[in-house]
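The next block holds one structure in the form of structure tokens; read it before the comments.
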Amino acid sequence: MGHRLIALGTAADGIDVVAAIDSGKNPKCGQDAGTLAGVGDIGVPLSAEWPEAVDAVIDFSVPEATDALIAECVARGFPLVFATTGLSPQQEAAIAEASQTIPIVKAASMSTAVNLTMKLTEIAATALKDHPTGADVEILERHHRFKEDSPSGTALAFGKIVSQAMGQSNEQHGRSGRPGARPHDEIGYHAIRTGDNPGEHTIVFGLLGETIELRVAATNRDCYAQGAFQAAAWLKGKAAGLYNMQDVLGLNSIGA
Ligand SMILES: NC(=O)C1=CN([C@@H]2O[C@H](COP(=O)(O)OP(=O)(O)OC[C@H]3O[C@@H](n4cnc5c(N)ncnc54)[C@H](OP(=O)(O)O)[C@@H]3O)[C@@H](O)[C@H]2O)C=CC1
Ligand SMILES: O=C(O)C1=N[C@H](C(=O)O)C[C@H](O)C1
């Protein structure tokens, strides 16, 4: 994602890429971030050094980087767009605490299509809550072979929307052996890892006699970078608080 943020950010009107931060352990540190991203020299080295001033920080990295990132943003008063997934509960809490000091947009997916599908999922789950045949919900996700966390943050976010609307209290991650008939009180998660898949999610509502599937798929990763830029622009002038992409995209007023 770092490469796409640099490449698209450099090309976009209204965005100045002023820093490209990593741990400092990468042997490419010191090289130009634009050159590394394939768009030529932009005069910004890959570095562990933080700049003095920015309008917003965009983070797509690893949970190991999160604690230091939060501390730097809070200490410097930098607004934050936070996209990394696979956090611990303690890190989730630390982000909520940091949002009392700085404005943060945090979302498991920055994609417009995914966030709109979240709204559709909320509507479907609410409508099917008391369906006479019962409605079984299973969430299928596909990502590239390099993805480290599973299920995806987005799959978990879809599951949270469903359980808040329908009340399931158990997560079932895959099935094997002889688990017996499916209990109604669970949401099933199935994570596929193949090739270079940029991200695909299907929410299955299985009734007796008919099935609804909501499917959303990226065709490349640029939708996540573009969403992050939209979030960064939206943060300008915002008060401290924890926001999400539903806020950025104005989807909160569309109710189930
Ligand atoms: N919310 C969303 O819309 C999306 C979220 N994601 C999430 O973003 C994250 C990154 O995904 P992706 O780009 O594919 O992963 P990569 O593994 O390709 O990139 C991880 C990046 O983190 C950097 N990094 C590693 N350790 C540190 C550290 N200690 N401090 C600072 N930077 C560090 C790496 O730098 P180096 O190479 O120098 O080690 C690298 O640039 C994942 O959690 C993924 O799930 C991904 C796409 C969309
Ligand atoms: O690692 C990825 O690639 C992605 N991660 C995010 C997630 O875990 O949901 C978002 C997107 O699906 C791509």
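Remember, it's 1-based here, ligands and their atoms both numbered in the order they're listed.
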Determine whether the side chains of Asn115 and Gln246 contain a donor N or O and an acceptor N or O closer than 3.5 Å. yes
Spacing of Glu72 atom CD and Ile70 atom CD1 [to the nearest 0.5 Å]: 11.0 Å
Under the salt bridge (Lys or Arg N to Asp or Glu O under 4.0 Å) criterion, do Arg175 and Glu186 qualify, and how do the steps go? CA-CA 12 Å; Arg175 286 188 190 82; Glu186 72 183 22; 2.8 Å; yes
Can you tell me how far apart NZ (Lys238) and CD1 (Ile102) are? Round to the nearest 0.5 Å. 15.0 Å
Classify the angle between the aromatic ring planes of Phe158 and His201 as parallel (below 30°), tilted (30 to 60°) or perpendicular (above 60°). tilted
Select one of side chain, backbone, both or neither to describe which atoms of Glu141 lie under 4.0 Å from any atom of ligand 2, heavy atoms only. neither
Nearest non-hydrogen contact with atom 6 (C) of ligand 2 belongs to which option: Ala108, Ala155, Gly153? Ala108
Is there a heavy atom of Met110 sitting under 4.0 angstrom from any atom of ligand 2? no
When rounded to the nearest 0.5 angstrom, what is the spacing between CG in Leu242 and CZ in Phe82? 11.0 Å
Numbered in order shown, the ligand 2 atoms found under 4.0 Å of a heavy atom of Thr85 are 7 (C), 8 (O)
Shortest protein contact, atom 5 (N) of ligand 2 (heavy atom only): Lys147 NZ, 3.1 Å
For atom 12 (O) of ligand 2, find the nearest protein heavy atom and state the residue, atom name and distance (0.1 Å precision). His143 NE2, 2.6 Å
Subset of ligand 2 atoms that lie under 4.0 Å from at least one heavy atom of His201: 12 (O)
Please confirm whether Arg221 comes under 4.0 Å of ligand 2, counting heavy atoms of the residue only. yes
Which one holds for Thr154 and ligand 2: side chain close, backbone close, both close, or neither close, with close meaning a heavy atom under 4.0 Å? both
Could you say whether the N/O atoms of His144 and ligand 2 ever approach to under 3.5 Å? yes
So what's ligand 1 close to, N/O to N/O, under 3.5 Å?
residue, atom, partner, partner atom, Å
ligand 1, 1 (N), Ala83, O, 3.1
ligand 1, 1 (N), Ala107, O, 3.1
ligand 1, 1 (N), Ala108, O, 2.8
ligand 1, 3 (O), Met110, N, 2.7
ligand 1, 13 (O), Met1, N, 3.0
ligand 1, 14 (O), Arg221, NH1, 3.2
ligand 1, 14 (O), Arg221, NH2, 2.9
ligand 1, 37 (O), Asn26, ND2, 3.4
ligand 1, 38 (O), Asp22, OD2, 2.5
ligand 1, 38 (O), Asn26, ND2, 2.7
ligand 1, 43 (O), Thr85, N, 3.0
ligand 1, 43 (O), Thr85, OG1, 3.2
ligand 1, 45 (O), Thr85, OG1, 2.6
ligand 1, 45 (O), Lys147, NZ, 2.9

Drop me the distance from Arg4's CZ to Gln226's CD, to the nearest 0.5 angstrom. 9.0 Å
Check the orientation of Trp50 and Phe78. Use parallel for under 30°, tilted for 30 to 60°, and perpendicular for over 60°. parallel
Answer yes or no for Tyr224: is there a heavy-atom contact with ligand 2 below 4.0 Å? yes
Is there a side chain to side chain contact (heavy atoms under 4.5 Å, CB included) between Met110 and Phe60? Walk through the geometry before answering. CA-CA 11 Å; Met110 298 287 158; Phe60 288 77; 4.1 Å; yes
Sidechain-backbone polar pair: Asp16 side chain, Val18 backbone, donor-acceptor under 3.5 Å: no
Is any side-chain heavy atom of Leu140 closer than 4.5 Å to a side-chain heavy atom of Glu213? no
